[in-house]
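Notes follow the structure.
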2 protein chains.
Amino acid sequence: MPEHRSRKDAARNREAVLAAADALFARRGSAEDVTTAEVAAEAGVGKGTLFRAFGDRAGLLRALYEARLAPVREAVESGPPPLGPATPPRERVPALLDAVLCFKLDNRRLVVALEESANGSASPYQASHYEWLHRLLRDVLEQIPGTPGSDFTAHALLAATRADLVEHLAGREGVPRETLRAQLADFTAGLLD
Amino acid sequence: MPEHRSRKDAARNREAVLAAADALFARRGSAEDVTTAEVAAEAGVGKGTLFRAFGDRAGLLRALYEARLAPVREAVESGPPPLGPATPPRERVPALLDAVLCFKLDNRRLVVALEESANGSASPYQASHYEWLHRLLRDVLEQIPGTPGSDFTAHALLAATRADLVEHLAGREGVPRETLRAQLADFTAGLLD
DNA sequence: GACGATACGGACTGAGGGTCCGTTTTGCAA
DNA sequence: TTGCAAAACGGACCCTCAGTCCGTATCGTC
């Protein structure tokens, strides 16, 4: 069904680059100081190939991100409660935020790099995954009676899970994972009364 | 009484660079695509001078930011209510957040550039002005009975005024200033019940 | 097995942040 | 005033990277 099936070598190289990037980002602390040249080398591929496959550095980051996010998306869109669509709104909101927080905790380095690489104005807010998440959260909030300004509230709640904030608290200040989760849960709960 | 009074030419050039940067950032839309070379040229000064005065690009941004923030700081630390220290906590929290929001609305471009220029990990969260603001907000929150996790809450509230979010809403989506202020106020109010 | 289409790869370019160092200015002191 | 060391100047220079270009190699189809 695909319009243009891509050539076998292209597909293989795309995977190789993705895997190489993943490995390199893991090996180094941060995705920040891994260059495209290094990724290409690690993948045993020329830079041209990398750029043809992903467009630019941000494209590579995005692809990796998307790959890691897929399970979460799956769980949210068609999984069982408390994440899936069958969950009552009042419980789904904290569950969603907790899932986002955990995801960011697990993928701190990558997410920081991605949120920052989107230079120019309005950085992470036009990424498709942000749009998706925001729309979803807003719609769920809307189903809770007495919630004013669900659009802004959704933004504000998501802002509380911003990658660099998470990195600051969990990384720099050493706040334990569970503490952070509890605090976010408290914060969310405080809002939904 | 100053330990090391800086030389007159140094002081003059420092001001010139600051003014030039201010002018250039205003003329261009964004601080993002103004280079250090341009700023130096506009100030009629060599690049070396710029770097000696501010350390690096981020230092220049920071200095400009600090200069613009000074009035707010003043109003918060020793001004009259509703910003000053004499204000009862319950009213001061929303006033503080509103002030921050207005500041970011007025200085969008610069603040976006600053929050992003702090590359590497834990970007804007170790800037001294963030520390100051966070500590202040946390302490004020602490004085409101029944507020759990004031430290995290302060972070989360400040996150709702993140420069790129503000830029996204006010700039990209065209949400009017007053609407945004009202939404933030609602959000804050919802939390303080 | 041949030929057009597609992909490869790495040398190359351009941009921009930051440094270096010979020259100039400053300000103190004789 | 003049002398002089310390401080500041400035712009050529360097380096790192993202991203491009184009001659060569590979694919897959007829």
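So you know, we letter chains A, B, ... as the sequences are listed, proteins then strands, and number each from 1. None of these values were measured; they are calculated from a predicted model.
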Mapping A:Thr35 and A:Gly55 to their closest nucleotides on DNA chain D, which lands nearer the 5' end? A:Thr35
Atom CZ of A:Arg57 and atom C1' of D:dC17: how far apart are they, to the nearest Å? 10 Å
Taking atom C1' of D:dA7 as reference, at what distance in whole Å does atom CZ of B:Arg14 sit? 16 Å
May I have the distance from B:Leu50 (atom CG) to D:dA12 (atom C1'), rounded to whole angstrom? 16 Å
So, do B:Arg138 and B:Leu158 sit near enough that their side-chain heavy atoms are less than 4.5 Å apart? no
Pairs under 3.5 Å (N/O, protein and nucleotides 28-30 of chain D):
| unit_1 | atom_1 | unit_2 | atom_2 | d |
| --- | --- | --- | --- | --- |
| D:dG28 | OP1 | A:Lys8 | N | 3.4 |

Given side chains that start at C-beta, do those of A:Leu60 and A:Leu18 come closer than 4.5 Å, heavy atoms only? yes
Within-4.5 Å side-chain heavy-atom neighbours: A:Leu169 and B:Tyr125: no
5′-ward residue of the pair B:Arg52/B:Arg12 relative to DNA chain C: B:Arg52
Of all residues at least two apart in sequence or in a different chain, which pass the side chain to side chain contact (heavy atoms under 4.5 Å, CB included) check with A:Glu77? A:Arg73, A:Trp132
Quick check on C:dG16: is either OP1 or OP2 less than 4.0 Å from any side-chain nitrogen or oxygen of B:Thr36? no
Any sub-3.5 Å donor-acceptor pair from A:Arg172's side-chain atoms to A:Glu167's backbone N or O? no
With DNA chain C as reference, determine whether B:Asp33 or A:Lys47 sits nearer its 5' end, using the nearest nucleotide of each. A:Lys47
Distance in angstrom units between B:Glu15 CD and D:dC9 P, rounded: 13 Å
Strictly below 4.0 Å: does B:Asn13 bring a side-chain N or O up to OP1 or OP2 of D:dC9? yes
Taking OP1 and OP2 of C:dG9, is either one under 4.0 Å from a side-chain nitrogen or oxygen of A:Thr49? yes
Do the non-hydrogen side-chain atoms of A:Leu83 and A:Glu74 ever get within less than 4.5 Å of each other? no
Polar side-chain atom of A:Asn107 near backbone of A:Phe103 as donor-acceptor pair, under 3.5 Å: yes
Starting from C1' on C:dA15, measure out to CD on B:Glu38 and report it in whole angstrom. 11 Å
Rounded distance (Å) that lies between atom P of C:dG9 and atom CD of A:Glu42: 15 Å
